[in-house]
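Inspection log for the structure reproduced underneath, given as C-alpha coordinates.
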Amino acid sequence: MKTPDPPAPRLRVVAIDDFALRRARRYATLMADAETRLPVDAWDTREADPTITWLHAHPGIKVVCRDGSAAYRGAISVGAPRAVQVSDRFHLWQNLGRKIYEVVTAHRDCLPDPDDETTAPRTPGGVMAARTRRLHAAVHALLAEGMALRAIGRHLDVDRNVVRRHARAATWQEVAPTWPRGDSILAPYQGHLHRRWAEGEHNIAALAREITARGFRGSEATVRLYLTSHREALDAGLPPPAPARSTFEVTQLMTTRPERLNEDQRVFVKHLLAHCPELRTLHAWWVPSGTSSPRSAPH
(Lines give C-alpha, C1' and ligand atoms only; values in the text may rest on other atoms or scores of the structure.)
Protein backbone atom coordinates (compact mmCIF):
# COMPACT_ATOMS: atom_id res chain seq x y z
CA MET A 1 0.00 0.00 0.00
CA LYS A 2 2.97 2.35 0.56
CA THR A 3 4.21 1.85 -2.99
CA PRO A 4 3.61 5.10 -4.87
CA ASP A 5 1.28 5.10 -7.84
CA PRO A 6 3.00 5.02 -11.24
CA PRO A 7 3.21 8.39 -12.99
CA ALA A 8 0.08 9.32 -14.90
CA PRO A 9 0.49 8.63 -18.62
CA ARG A 10 0.41 11.48 -21.11
CA LEU A 11 -2.86 10.85 -22.85
CA ARG A 12 -3.03 11.35 -26.61
CA VAL A 13 -5.54 8.75 -27.85
CA VAL A 14 -8.44 7.75 -25.61
CA ALA A 15 -11.54 5.58 -25.91
CA ILE A 16 -14.83 6.37 -24.21
CA ASP A 17 -17.80 4.04 -23.73
CA ASP A 18 -20.62 3.38 -21.30
CA PHE A 19 -21.28 0.33 -19.15
CA ALA A 20 -24.31 -0.75 -17.17
CA LEU A 21 -24.50 -0.32 -13.42
CA ARG A 22 -28.09 -1.52 -13.68
CA ARG A 23 -29.02 -2.78 -17.13
CA ALA A 24 -31.49 -0.58 -19.03
CA ARG A 25 -31.73 1.77 -16.05
CA ARG A 26 -28.40 3.21 -14.92
CA TYR A 27 -25.14 3.59 -16.83
CA ALA A 28 -21.64 4.85 -16.13
CA THR A 29 -18.78 6.05 -18.34
CA LEU A 30 -15.33 4.52 -18.71
CA MET A 31 -12.37 6.35 -20.22
CA ALA A 32 -9.39 4.27 -21.37
CA ASP A 33 -5.98 4.99 -22.80
CA ALA A 34 -6.27 3.54 -26.31
CA GLU A 35 -2.49 3.19 -26.63
CA THR A 36 -1.86 1.23 -23.42
CA ARG A 37 -5.42 -0.25 -23.33
CA LEU A 38 -5.65 0.58 -19.63
CA PRO A 39 -8.56 2.36 -17.92
CA VAL A 40 -7.75 5.86 -16.73
CA ASP A 41 -11.01 7.16 -15.24
CA ALA A 42 -14.71 6.46 -14.74
CA TRP A 43 -17.81 8.32 -13.54
CA ASP A 44 -21.31 7.13 -12.71
CA THR A 45 -23.24 8.76 -15.54
CA ARG A 46 -23.09 9.04 -19.30
CA GLU A 47 -24.39 12.60 -19.44
CA ALA A 48 -22.26 15.13 -21.31
CA ASP A 49 -21.15 17.51 -18.52
CA PRO A 50 -18.70 15.18 -16.67
CA THR A 51 -17.15 14.18 -19.99
CA ILE A 52 -16.65 17.83 -20.98
CA THR A 53 -15.05 18.59 -17.61
CA TRP A 54 -12.70 15.61 -17.91
CA LEU A 55 -11.63 16.54 -21.44
CA HIS A 56 -10.95 20.16 -20.40
CA ALA A 57 -8.60 18.77 -17.73
CA HIS A 58 -6.67 16.77 -20.38
CA PRO A 59 -5.95 19.23 -23.19
CA GLY A 60 -3.32 17.04 -24.91
CA ILE A 61 -5.81 14.54 -26.32
CA LYS A 62 -5.62 14.24 -30.12
CA VAL A 63 -8.02 11.37 -30.89
CA VAL A 64 -11.16 10.09 -29.16
CA CYS A 65 -12.65 6.72 -30.09
CA ARG A 66 -16.34 6.44 -29.28
CA ASP A 67 -19.63 4.72 -30.12
CA GLY A 68 -22.54 6.42 -31.88
CA SER A 69 -23.83 8.20 -28.77
CA ALA A 70 -25.02 11.73 -29.45
CA ALA A 71 -24.16 12.67 -25.85
CA TYR A 72 -20.53 11.62 -26.23
CA ARG A 73 -20.27 13.18 -29.68
CA GLY A 74 -21.49 16.53 -28.37
CA ALA A 75 -19.34 16.35 -25.23
CA ILE A 76 -16.18 15.69 -27.24
CA SER A 77 -17.00 18.54 -29.62
CA VAL A 78 -17.20 20.92 -26.66
CA GLY A 79 -14.51 19.46 -24.39
CA ALA A 80 -11.90 18.66 -27.06
CA PRO A 81 -12.95 20.52 -30.22
CA ARG A 82 -9.64 19.89 -31.98
CA ALA A 83 -9.59 16.15 -31.30
CA VAL A 84 -10.39 13.75 -34.10
CA GLN A 85 -13.44 11.60 -33.33
CA VAL A 86 -13.42 8.04 -34.67
CA SER A 87 -15.96 5.24 -34.42
CA ASP A 88 -14.81 2.06 -32.73
CA ARG A 89 -14.74 -1.17 -34.73
CA PHE A 90 -17.14 -3.07 -32.46
CA HIS A 91 -20.00 -0.63 -32.97
CA LEU A 92 -19.34 -0.37 -36.71
CA TRP A 93 -19.63 -4.16 -37.05
CA GLN A 94 -22.64 -4.24 -34.72
CA ASN A 95 -24.50 -1.58 -36.71
CA LEU A 96 -23.64 -3.28 -40.00
CA GLY A 97 -24.96 -6.59 -38.65
CA ARG A 98 -28.22 -4.93 -37.62
CA LYS A 99 -28.70 -3.44 -41.08
CA ILE A 100 -28.04 -6.76 -42.77
CA TYR A 101 -30.53 -8.37 -40.36
CA GLU A 102 -33.13 -5.77 -41.41
CA VAL A 103 -32.56 -6.57 -45.10
CA VAL A 104 -32.85 -10.31 -44.46
CA THR A 105 -36.03 -9.72 -42.44
CA ALA A 106 -37.53 -7.64 -45.25
CA HIS A 107 -36.88 -10.50 -47.69
CA ARG A 108 -37.60 -13.45 -45.42
CA ASP A 109 -40.16 -14.73 -47.93
CA CYS A 110 -37.11 -15.78 -49.96
CA LEU A 111 -36.05 -18.21 -47.24
CA PRO A 112 -36.77 -21.90 -47.91
CA ASP A 113 -40.01 -23.17 -46.43
CA PRO A 114 -41.04 -19.76 -45.06
CA ASP A 115 -43.45 -19.73 -42.17
CA ASP A 116 -43.88 -17.64 -39.06
CA GLU A 117 -42.25 -20.20 -36.80
CA THR A 118 -39.04 -20.72 -38.76
CA THR A 119 -38.33 -17.39 -40.45
CA ALA A 120 -39.60 -14.70 -38.13
CA PRO A 121 -37.18 -13.44 -35.50
CA ARG A 122 -37.62 -15.68 -32.51
CA THR A 123 -38.30 -13.96 -29.24
CA PRO A 124 -38.12 -15.22 -25.69
CA GLY A 125 -41.26 -16.28 -23.96
CA GLY A 126 -42.35 -16.05 -20.37
CA VAL A 127 -41.33 -13.19 -18.13
CA MET A 128 -39.02 -11.44 -20.61
CA ALA A 129 -41.62 -11.36 -23.38
CA ALA A 130 -44.30 -10.11 -21.01
CA ARG A 131 -41.99 -7.36 -19.72
CA THR A 132 -41.14 -6.26 -23.28
CA ARG A 133 -44.83 -6.16 -24.25
CA ARG A 134 -45.76 -4.11 -21.18
CA LEU A 135 -42.94 -1.63 -21.65
CA HIS A 136 -43.68 -1.17 -25.36
CA ALA A 137 -47.36 -0.57 -24.62
CA ALA A 138 -46.57 1.88 -21.81
CA VAL A 139 -44.12 3.89 -23.93
CA HIS A 140 -46.57 4.25 -26.80
CA ALA A 141 -49.41 5.14 -24.43
CA LEU A 142 -47.36 7.97 -22.92
CA LEU A 143 -46.23 9.12 -26.37
CA ALA A 144 -49.88 9.36 -27.38
CA GLU A 145 -50.41 11.66 -24.38
CA GLY A 146 -47.67 13.96 -25.68
CA MET A 147 -44.95 13.08 -23.15
CA ALA A 148 -41.31 13.52 -24.23
CA LEU A 149 -38.86 10.61 -24.30
CA ARG A 150 -36.80 11.92 -21.39
CA ALA A 151 -39.94 12.37 -19.30
CA ILE A 152 -41.14 8.87 -20.19
CA GLY A 153 -37.79 7.47 -19.07
CA ARG A 154 -38.08 9.22 -15.70
CA HIS A 155 -41.72 8.18 -15.33
CA LEU A 156 -41.02 4.51 -16.09
CA ASP A 157 -37.55 4.48 -14.48
CA VAL A 158 -36.04 3.26 -17.75
CA ASP A 159 -32.99 4.48 -19.64
CA ARG A 160 -33.82 7.03 -22.36
CA ASN A 161 -32.15 4.97 -25.11
CA VAL A 162 -34.39 2.02 -24.23
CA VAL A 163 -37.41 4.32 -24.41
CA ARG A 164 -36.23 5.56 -27.80
CA ARG A 165 -35.94 2.02 -29.19
CA HIS A 166 -39.46 1.16 -28.04
CA ALA A 167 -40.81 4.44 -29.41
CA ARG A 168 -39.35 3.71 -32.85
CA ALA A 169 -40.66 0.13 -32.92
CA ALA A 170 -44.13 -0.43 -34.37
CA THR A 171 -44.47 -3.77 -32.52
CA TRP A 172 -42.94 -5.14 -29.35
CA GLN A 173 -41.40 -8.04 -31.26
CA GLU A 174 -39.04 -5.60 -33.01
CA VAL A 175 -37.32 -4.77 -29.71
CA ALA A 176 -37.44 -8.20 -28.12
CA PRO A 177 -34.09 -10.05 -27.91
CA THR A 178 -33.43 -12.61 -30.64
CA TRP A 179 -31.32 -15.69 -30.87
CA PRO A 180 -30.91 -18.56 -33.27
CA ARG A 181 -33.39 -21.38 -32.93
CA GLY A 182 -32.22 -24.54 -31.21
CA ASP A 183 -31.55 -26.71 -34.23
CA SER A 184 -29.84 -30.03 -33.66
CA ILE A 185 -26.09 -29.79 -33.23
CA LEU A 186 -25.91 -32.38 -36.00
CA ALA A 187 -27.55 -30.10 -38.58
CA PRO A 188 -24.27 -28.82 -40.11
CA TYR A 189 -23.00 -32.41 -40.54
CA GLN A 190 -26.11 -34.18 -41.86
CA GLY A 191 -25.09 -33.69 -45.48
CA HIS A 192 -21.74 -35.35 -44.84
CA LEU A 193 -23.40 -38.29 -43.06
CA HIS A 194 -25.82 -38.83 -45.93
CA ARG A 195 -23.06 -38.65 -48.55
CA ARG A 196 -20.81 -41.05 -46.68
CA TRP A 197 -23.71 -43.47 -46.09
CA ALA A 198 -24.49 -43.43 -49.82
CA GLU A 199 -20.80 -44.17 -50.48
CA GLY A 200 -21.11 -47.32 -48.37
CA GLU A 201 -19.71 -46.22 -45.00
CA HIS A 202 -22.21 -47.63 -42.48
CA ASN A 203 -19.91 -47.82 -39.46
CA ILE A 204 -21.48 -45.36 -37.02
CA ALA A 205 -18.35 -45.03 -34.88
CA ALA A 206 -16.28 -44.20 -37.96
CA LEU A 207 -18.83 -41.64 -39.14
CA ALA A 208 -18.87 -40.05 -35.70
CA ARG A 209 -15.08 -39.73 -35.79
CA GLU A 210 -15.24 -38.15 -39.25
CA ILE A 211 -17.64 -35.36 -38.25
CA THR A 212 -15.82 -34.87 -34.94
CA ALA A 213 -12.74 -34.09 -36.99
CA ARG A 214 -14.86 -31.52 -38.84
CA GLY A 215 -15.90 -29.76 -35.63
CA PHE A 216 -18.84 -31.78 -34.26
CA ARG A 217 -18.86 -31.59 -30.45
CA GLY A 218 -21.60 -34.08 -29.68
CA SER A 219 -21.40 -37.74 -28.75
CA GLU A 220 -21.40 -40.92 -30.80
CA ALA A 221 -24.80 -41.70 -29.28
CA THR A 222 -26.24 -38.57 -30.92
CA VAL A 223 -24.91 -39.72 -34.29
CA ARG A 224 -26.26 -43.22 -33.73
CA LEU A 225 -29.73 -41.90 -32.82
CA TYR A 226 -29.86 -39.75 -35.95
CA LEU A 227 -28.70 -42.51 -38.31
CA THR A 228 -31.02 -45.16 -36.90
CA SER A 229 -34.05 -42.83 -36.94
CA HIS A 230 -33.32 -41.82 -40.57
CA ARG A 231 -32.29 -45.27 -41.77
CA GLU A 232 -35.04 -45.51 -44.40
CA ALA A 233 -34.10 -42.15 -45.97
CA LEU A 234 -30.40 -43.04 -45.82
CA ASP A 235 -30.89 -46.39 -47.55
CA ALA A 236 -33.02 -44.70 -50.21
CA GLY A 237 -30.25 -42.17 -50.90
CA LEU A 238 -32.44 -39.21 -49.93
CA PRO A 239 -30.81 -35.92 -48.89
CA PRO A 240 -31.05 -34.78 -45.26
CA PRO A 241 -34.09 -32.76 -44.22
CA ALA A 242 -33.55 -29.09 -45.02
CA PRO A 243 -33.03 -27.21 -41.77
CA ALA A 244 -35.39 -24.36 -41.04
CA ARG A 245 -33.39 -21.14 -40.90
CA SER A 246 -34.39 -18.14 -38.85
CA THR A 247 -33.54 -14.63 -40.03
CA PHE A 248 -30.93 -14.50 -37.27
CA GLU A 249 -29.22 -17.61 -38.63
CA VAL A 250 -29.36 -16.36 -42.21
CA THR A 251 -27.79 -13.08 -41.12
CA GLN A 252 -25.00 -15.04 -39.46
CA LEU A 253 -24.41 -17.05 -42.63
CA MET A 254 -24.48 -13.92 -44.80
CA THR A 255 -21.85 -12.20 -42.65
CA THR A 256 -19.53 -15.19 -42.13
CA ARG A 257 -16.40 -15.48 -44.23
CA PRO A 258 -17.16 -18.03 -47.00
CA GLU A 259 -14.14 -20.17 -46.14
CA ARG A 260 -15.52 -20.62 -42.62
CA LEU A 261 -18.83 -22.09 -43.79
CA ASN A 262 -19.18 -25.84 -43.98
CA GLU A 263 -20.36 -27.46 -47.20
CA ASP A 264 -24.04 -27.61 -46.21
CA GLN A 265 -24.02 -23.94 -45.22
CA ARG A 266 -22.37 -22.93 -48.50
CA VAL A 267 -25.01 -24.89 -50.44
CA PHE A 268 -27.77 -23.15 -48.48
CA VAL A 269 -26.32 -19.67 -49.09
CA LYS A 270 -25.86 -20.43 -52.81
CA HIS A 271 -29.49 -21.62 -53.06
CA LEU A 272 -30.73 -18.56 -51.17
CA LEU A 273 -28.82 -16.08 -53.34
CA ALA A 274 -30.07 -17.79 -56.49
CA HIS A 275 -33.66 -17.13 -55.41
CA CYS A 276 -33.36 -13.61 -53.97
CA PRO A 277 -31.83 -10.84 -56.13
CA GLU A 278 -31.81 -8.37 -53.22
CA LEU A 279 -29.83 -10.65 -50.93
CA ARG A 280 -27.57 -11.54 -53.85
CA THR A 281 -26.80 -7.84 -54.33
CA LEU A 282 -26.13 -7.43 -50.62
CA HIS A 283 -23.87 -10.47 -50.53
CA ALA A 284 -21.99 -9.29 -53.64
CA TRP A 285 -21.18 -6.05 -51.82
CA TRP A 286 -20.27 -7.85 -48.62
CA VAL A 287 -18.07 -10.45 -50.35
CA PRO A 288 -16.86 -8.95 -53.65
CA SER A 289 -16.34 -11.32 -56.56
CA GLY A 290 -12.90 -12.89 -56.62
CA THR A 291 -12.21 -12.50 -52.91
CA SER A 292 -12.62 -14.88 -50.01
CA SER A 293 -13.14 -12.27 -47.31
CA PRO A 294 -15.78 -9.61 -46.59
CA ARG A 295 -14.91 -5.99 -47.27
CA SER A 296 -13.03 -4.34 -44.47
CA ALA A 297 -15.12 -2.19 -42.19
CA PRO A 298 -14.31 1.52 -42.49
CA HIS A 299 -12.27 3.06 -39.67
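All values below were derived from every heavy atom in this structure, side-chain atoms included, with hydrogens, water molecules and symmetry-related copies excluded.
A donor and an acceptor atom, one from each side chain of Ser77 and Gln85, are located under 3.5 Å apart.
A cation-pi arrangement is present between Arg46 and Tyr27, with the terminal nitrogen or guanidinium carbon under 6.0 Å from the aromatic centre and inside a 45° cone about the axis.
Membership of the apolar cluster around Leu21 extends to Phe19, Leu30, as traced through chained side-chain contacts below 4.5 Å between ILVMFWY residues. Residue Val163 shares its hydrophobic cluster (ILVMFWY side chains chained together at separations under 4.5 Å) with Leu135, Val139, Leu142, Leu143, Met147, Leu149, Ile152, Leu156, Val158, Val162.
Following chains of ILVMFWY side-chain contacts shorter than 4.5 Å, one cannot reach Val250 starting from Val267, and the two form parts of different hydrophobic clusters. There is no path of hydrophobic side-chain contacts, each under 4.5 Å, that joins Val86 to Met31. Tracing side-chain contacts under 4.5 Å through hydrophobic residues (I, L, V, M, F, W, Y), one reaches Phe216 starting from Ile204; they form part of the same cluster. Hydrophobic clustering places Leu273 together with Phe268 (ILVMFWY residues linked when any side-chain heavy atoms are closer than 4.5 Å, directly or through intermediates).
Only one option out of His91, Gln94, Arg73 pairs with Asp67 in a side-chain contact (heavy atoms from CB on, under 4.5 Å); it is His91.
Remark: side-chain polar atoms of Tyr189 are paired, donor with acceptor, to backbone N or O of Gly215 under 3.5 angstrom. His230 places a side-chain N or O within 3.5 Å of a backbone atom of Tyr226 that can act as its donor or acceptor partner. Although no hydrogens or angles enter the test, the distance criterion places a donor-acceptor pair under 3.5 Å between the side chain of Arg266 and the main chain of Leu261. Listed for the His107 side chain is no donor-acceptor partner under 3.5 Å among the backbone atoms of Leu279. Side chain of Thr222 to backbone of Gly218: no donor-acceptor contact under 3.5 angstrom is found. Within the 3.5 Å criterion, the main-chain N or O of Trp54 finds a donor-acceptor partner in the side chain of His58.
To the nearest 0.5 Å, atom CG of residue Leu253 and atom NE2 of residue His283 are 9.0 Å apart. The NE2 atom of His202 sits 9.5 Å away from atom CG of Leu227, with the distance rounded to the nearest 0.5 Å. Rounding to the nearest 0.5 angstrom, the gap separating the NZ atom in Lys270 from the CZ atom in Arg280 is 12.5 Å. Atom CD1 of residue Ile100 and atom CG of residue Asn95 lie 11.5 Å apart, to the nearest 0.5 angstrom. In this structure, CD on Glu210 lies 9.0 Å from CG on Asn203, to the nearest 0.5 angstrom.
Glu199 has no carboxylate O lying under 4.0 Å from a charged side-chain N of Arg195, or vice versa, which leaves the two without a salt bridge. Ion pairing of Asp33 with Arg37 is absent here, as no side-chain N (NZ or NE/NH1/NH2) approaches a carboxylate O to less than 4.0 Å.
Annotation: side chain to side chain contact (heavy atoms under 4.5 Å, CB included) contacts of Arg22 (sequence neighbours excluded): Arg25, Arg26, Asp157.
Minimum heavy-atom separation, Trp197 to Arg231: CZ2-NE, 3.2 Å. Here the shortest heavy-atom pairing between Leu186 and Val223 reads CD1-CA, 4.1 Å. Across every non-hydrogen atom of Ala48 and Ala71, the tightest pair is CB-O, 4.0 Å. The two residues Thr51 and Glu47 have their closest heavy-atom pair at OG1-O, 3.7 Å.
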Show the numbers, then the answer: is there a salt bridge (charged side-chain N to carboxylate O under 4.0 Å, His left out) between Glu220 and Arg224?
CA-CA 6 Å; Glu220 181 183 320; Arg224 184 178 302 278; 3.0 Å; yes

Quick one, Arg66 with Asp88, criterion side chain to side chain contact (heavy atoms under 4.5 Å, CB included). Give me CA distance, side-chain angles, the key distance, then yes/no.
CA-CA 6 Å; Arg66 61 168 177 82; Asp88 69 78; 5.8 Å; no

Applying side chain to side chain contact (heavy atoms under 4.5 Å, CB included), run through Ile16 and Thr29 and close with a yes or a no.
CA-CA 7 Å; Ile16 185 171; Thr29 294; 3.6 Å; yes

For His194 and Leu234, what are the C-alpha separation, side-chain angles and deciding distance, and is it a side chain to side chain contact (heavy atoms under 4.5 Å, CB included)?
CA-CA 6 Å; His194 280 249; Leu234 288 162; 3.6 Å; yes

After noting the C-alpha distance and the side-chain angles of Thr251 and Val103, does the key distance pass the side chain to side chain contact (heavy atoms under 4.5 Å, CB included) rule?
CA-CA 9 Å; Thr251 300; Val103 175; over 6 Å; no

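Below 30°, between 30° and 60°, or above 60°: for His166 and His136 the angle between ring planes is between 30° and 60°, a tilted geometry.
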